[in-house]
2 protein chains.
Amino acid sequence: MGYHHGNLRSDLLARAAEVIAAEGIEALSLRGLARDLGVSHAAPSRHFDDKAALLRALGTDGSEKLANYVLSAADEAGDNPLKRYAAMGKAYIRFSLVFPAYYKAMTHPEVCAQSDAAFSASAERRRQIISDAARAAQAAGWLADEALEDVLMFSIGTVRGVSAMLADPMHHSQTASIETDLLIENIVRLIIDPDNPQRRLKPAPQKSDNQKRVSA
Amino acid sequence: MGYHHGNLRSDLLARAAEVIAAEGIEALSLRGLARDLGVSHAAPSRHFDDKAALLRALGTDGSEKLANYVLSAADEAGDNPLKRYAAMGKAYIRFSLVFPAYYKAMTHPEVCAQSDAAFSASAERRRQIISDAARAAQAAGWLADEALEDVLMFSIGTVRGVSAMLADPMHHSQTASIETDLLIENIVRLIIDPDNPQRRLKPAPQKSDNQKRVSA
DNA sequence: ATCTCAATGTAGTCAATGACAACATTGAGA
DNA sequence: TCTCAATGTTGTCATTGACTACATTGAGAT
């Protein structure tokens, strides 16, 4: 039986993701992971210089997964730049719910602060993907006169904030996924409405001529 | 000379705010605070049951400060509900920059998760203030057809997300405050534009007739 | 004036943790 | 078969949060 574990590194990351999803990042401990995997308390140090490095690796994985997740959603949405950007926004929020551990690691202050080359590269690619899509949406008429920087801060900020609120039991009752999907749908339409890119609001006090809104 | 410190409780909170602002919540330690204030390592336990309780108290203070800060900004903005809500959004984001420690404590997952009565009450009051203002803005024509729940999630989510990104050196170059003010101004106008509540976007591809946008 | 006692601070201790150093085992390839 | 880099283990230390027992203070009752 193995003195060598085989693939301790990936097992550590996988178990860390479980722990974070279940109990939060605060509850993560290197010794705890080692216990869970049946190795000695110092074994993790062979694969990660310190606790921050493990979290950074997890965050990097998450960053890449998110980029791919968002890009897939855009491609499924077709060619319309407005629909693509809306799909990306929804995917971004959903990712934070489907892969909470990756998302938490990715957005952890310590990870972002002392990021290594791999993490920075991944974050840069992600930003580029979103930035390109936003530019395309602007070219299609959405917030056409706003600076790209502002548009990005607005849309990324919104999805990030909504993700945080959906993850927080204080701000959102953790109920059925179907209601959450509708909420996401409605929120993202307030960022960008592909069916109505030029106007977000009805012209004036005028009764019921618009059925587009999804309601629970 | 005091065996009794006098007002250790408030000094602990004040010093904790300094530490958090300077080095982040992760760097906070009860023993460190005790050292900084020249008391024994167990002294803080006379005022806070545990580390989480201290953070909770700080978060509660922050929650109340934020509510007052936002309310003051609204009152300075006058009677127009749209201007009031925009002013509140800007104040919310600015609060996170002016009082980062209070804001970080207030939004810390652990604080929100196991919140006590005082924190919950403060959070509820804050939500009520924002909710009332959002309803008034809707009555004035802003997102009039949307559900209040969606409107709140959208607007609060956006200011929270933008706050997070402004605090994160990865997403925002920590430059002069004047540029940040312009950024905040532009972002909040994408949430609600008091000068143009019915429409966020220009009607179509049409060149330069709108000078309202602030640019750096 | 003194007594009482609750509030507040101190000293000592323990377990958990991250980090580090020294040593052991394994297996791939020279 | 030898070598050695990769990988795992044991031992240790400082820091920290939490707990217990004890000391000091000062306000108010007597």
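Keep in mind it's a predicted model, so treat the numbers as computed, not measured. Chain letters run A, B, ... following the sequence lines, proteins first, then strands; residues in each count from 1.
One can place NE2 of A:H41 at 12 Å from C1' of D:dC13, the figure rounded to the nearest angstrom. Spacing between atom CZ of A:R31 and atom C1' of D:dT16 amounts to 13 Å, rounded to whole angstrom units. When rounded to the nearest whole Å, the span between CG of B:L33 and P of D:dA18 equals 13 Å. The nearest whole Å value for the distance from the CD atom in B:E26 to the P atom in C:dG18 is 13 Å. Atom CZ in A:R46 sits about 10 Å away from atom C1' in C:dA21, given to the nearest Å. The NZ atom of B:K51 sits 14 Å away from the P atom of C:dT17 (whole-angstrom rounding). Atom-to-atom, CD1 of A:I25 to C1' of C:dT17 comes out at 17 Å; the value is rounded to the nearest Å. In this entry the distance linking CG of B:L30 with P of D:dA18 reads 6 Å, nearest Å.
You'll find the ring centres of B:F99 and B:Y103 outside the 6.0 Å limit.
Of the charged side-chain nitrogens involved, at least one lies within less than 4.0 Å of a carboxylate oxygen, so that A:D75 and A:R84 count as a salt-bridged pair.
With a cut-off of 3.5 Å on both pairing distances, the Watson-Crick or G-U wobble partner of C:dC14 is D:dG17. The pairing partner recorded for D:dA6 is C:dT25, the criterion being a Watson-Crick or G-U wobble arrangement whose two distances lie under 3.5 angstrom.
The phosphate of D:dT16 (OP1 or OP2) has a side-chain N or O of B:R35 nearer than 4.0 angstrom.
Nearest heavy atoms, A:A86 versus A:V188: O-CG1, 3.5 Å.
Other residues, nucleotides and ligands place more than 12 heavy atoms under 6.0 Å from the CG atom of B:D50.
The nearest heavy atom of DNA chain C to A:S29 and to B:S40 marks one nucleotide each, and the one closer to the 5' end goes with B:S40.
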